[in-house]
Amino acid sequence: RARPILKQNAMADAVKVSDEVLTEFNKLKLKNDAGKARIILKINKDSLIVEVDDVSYDASVEDTVDELGETTPRFIVYSYKIEHDDGRTSYPMALIFFCPRTCNDRLRMIYSRAGPTISAKLGIVKIFEVKDLDDFTDDWLREELLAGMTRK
């Protein structure tokens, strides 16, 4: 008996973003001073639903790194305050995919395939990946965001 061929991104199609994530994301967007705000997201590996793991409206990058485990992947929605040389202030949003090298293959696959779904659902176009928490610093995030602003 022939088996149906699954689309390569079938797992990404199966991942759903919870209403709680959308609610917290909308709260974050409405904050006028969300310069150090973040939402840490996790995927329930049984239901494949993206859930809120932690929310903070005053968390530095260093605080965020402290919240992340060394072996478990997470997505971080981060609102970062940038004061430009011309006096403007902007609050770009980034979706950061943290996937440690020690993560098991099944979780790595679930999370890596879910990134585009989360990005599309939240409307975030700046997506970065970090594999080592030592690389996830304030300077790194600022540099990545600024580079994205100057690219044509």
Side-chain angles (χ1 to χ4, degrees), residues 9 11-84 88-152:
N9 64 350
M11 192 174 296
D13 293 343
V15 171
K16 303 291 181 208
V17 177
S18 73
D19 289 341
E20 180 190 16
V21 170
L22 297 175
T23 299
E24 290 298 334
F25 179 69
N26 286 329
K27 285 182 196 175
L28 183 74
K29 287 192 319 187
L30 292 175
K31 290 200 60 75
N32 290 332
D33 58 349
K36 292 193 297 183
R38 56 108 170 105
I39 305 169
I40 298 175
L41 305 175
K42 65 181 179 181
I43 299 174
N44 180 313
K45 63 184 175 188
D46 298 320
S47 66
L48 296 180
I49 294 176
V50 180
E51 303 170 341
V52 173
D53 190 32
D54 189 64
V55 178
S56 176
Y57 293 106
D58 186 29
S60 68
V61 172
E62 290 75 18
D63 294 337
T64 301
V65 167
D66 290 344
E67 285 291 320
L68 298 171
E70 292 283 337
T71 60
T72 309
R74 290 291 184 261
F75 285 99
I76 303 101
V77 176
Y78 203 96
S79 174
Y80 189 89
K81 181 178 180 179
I82 295 180
E83 294 178 4
H84 299 273
R88 291 178 300 119
T89 301
S90 62
Y91 298 89
M93 265 296 169
L95 179 64
I96 302 157
F97 170 40
F98 168 63
C99 189
R101 289 172 179 36
T102 57
C103 174
N104 75 50
D105 290 340
R106 180 171 187 269
L107 274 180
R108 181 185 316 276
M109 186 171 60
I110 291 170
Y111 273 80
S112 64
R113 290 184 175 178
T117 300
I118 297 168
S119 170
K121 192 75 170 177
L122 301 181
I124 299 176
V125 296
K126 294 174 180 74
I127 306 170
F128 309 114
E129 183 174 350
V130 175
K131 292 183 179 179
D132 187 333
L133 286 177
D134 291 338
D135 296 334
F136 187 14
T137 65
D138 191 80
D139 289 340
W140 170 81
L141 182 56
R142 179 178 174 77
E143 191 176 295
E144 290 294 321
L145 288 168
L146 286 171
M149 291 178 170
T150 59
R151 289 184 194 129
K152 302 281 185 211

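For reference, positions follow the sequence shown, starting with 1.
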Chemist: Testing Ile96, Leu146, Ile76 one by one against Leu141 for a side chain to side chain contact (heavy atoms under 4.5 Å, CB included), which residue passes?
Modeler: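 Exactly one pass, corresponding to Ile96.
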Chemist: State the NZ-CG distance between Lys29 and Leu122, to the nearest 0.5 angstrom.
Modeler: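 The distance works out to 8.0 Å.
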Chemist: Please step through salt bridge (Lys or Arg N to Asp or Glu O under 4.0 Å) for the pair Arg142 and Glu144, ending with a clear verdict.
Modeler: CA-CA 6 Å; Arg142 179 178 174 77; Glu144 290 294 321; over 6 Å; no
Chemist: Counting distance only, does the side-chain N/O of Tyr111 pair as donor-acceptor with the main-chain N or O of Ile43 below 3.5 Å?
Modeler: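 Answer holds: yes.
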Chemist: What do the steps show when you test Phe128 against Leu145 for side-chain contact (heavy atoms from CB on, under 4.5 Å), and what is the final call?
Modeler: CA-CA 9 Å; Phe128 309 114; Leu145 288 168; 3.8 Å; yes
Chemist: I want to check something: taking the side chain as every heavy atom from C-beta on, are Thr89 and Ile82 in contact at a cut-off of under 4.5 Å?
Modeler: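 No, their side chains stay 4.5 Å or more apart.
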Chemist: Can you tell me how far the NZ atom of Lys36 sits from the CG atom of Asp58, to the nearest 0.5 Å?
Modeler: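 Going from NZ on Lys36 over to CG on Asp58, the span is 4.5 Å.
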Chemist: Under 3.5 Å, is there a donor-acceptor pair between the Ser90 and His84 side chains?
Modeler: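 Yes, His84 and Ser90 have a side-chain donor paired with an acceptor closer than 3.5 Å.
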Chemist: Going through the checks in order, is the side-chain contact (heavy atoms from CB on, under 4.5 Å) test met by Leu95 and Ile118?
Modeler: CA-CA 9 Å; Leu95 179 64; Ile118 297 168; 3.9 Å; yes
Chemist: Indicate whether the side chain of Asp63 and that of Ser60 have a donor and an acceptor atom separated by less than 3.5 Å.
Modeler: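 Their side chains do contain a donor-acceptor pair, which is all the 3.5 Å distance test asks for.
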Chemist: In sequence, state the C-alpha distance, the side-chain angles, and the governing distance for Phe136 and Phe98, and then conclude on ring-ring contact (aromatic ring centres under 6.0 Å, His included).
Modeler: CA-CA 9 Å; Phe136 187 14; Phe98 168 63; 7.7 Å; no
Chemist: More than 12 foreign heavy atoms under 6.0 Å from CD of Glu51: is that the case here?
Modeler: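 Yes, because the 6.0 Å sphere around CD of Glu51 holds more than 12 heavy atoms from other groups.
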Chemist: Closer than 3.5 angstrom, by distance alone: can the side chain of Arg108 be matched with the main-chain N or O of Cys103 as a donor-acceptor pair?
Modeler: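 Yes; judged by distance alone, with no hydrogens or angles, the pair exists.
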Chemist: Is the number of heavy atoms from other residues, nucleotides or ligands under 6.0 Å of Glu62 CD greater than 12?
Modeler: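 Correct, the count exceeds 12.
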Chemist: Does Asp132 come within less than 4.0 Å of Arg101, counting only side-chain N to carboxylate O?
Modeler: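 Judged by the 4.0 Å cut-off on N to carboxylate O distance, Asp132 and Arg101 do not form a salt bridge.
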Chemist: Using modelled atom types only, decide if a donor and an acceptor are shared between the side chain of Ser79 and the backbone of Met93 within a distance under 3.5 Å.
Modeler: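 No; zero donor-acceptor contacts below 3.5 Å.
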Chemist: Any side-chain donor paired with an acceptor under 3.5 Å for Arg38 and Tyr80?
Modeler: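 The answer is no; no qualifying pair exists.
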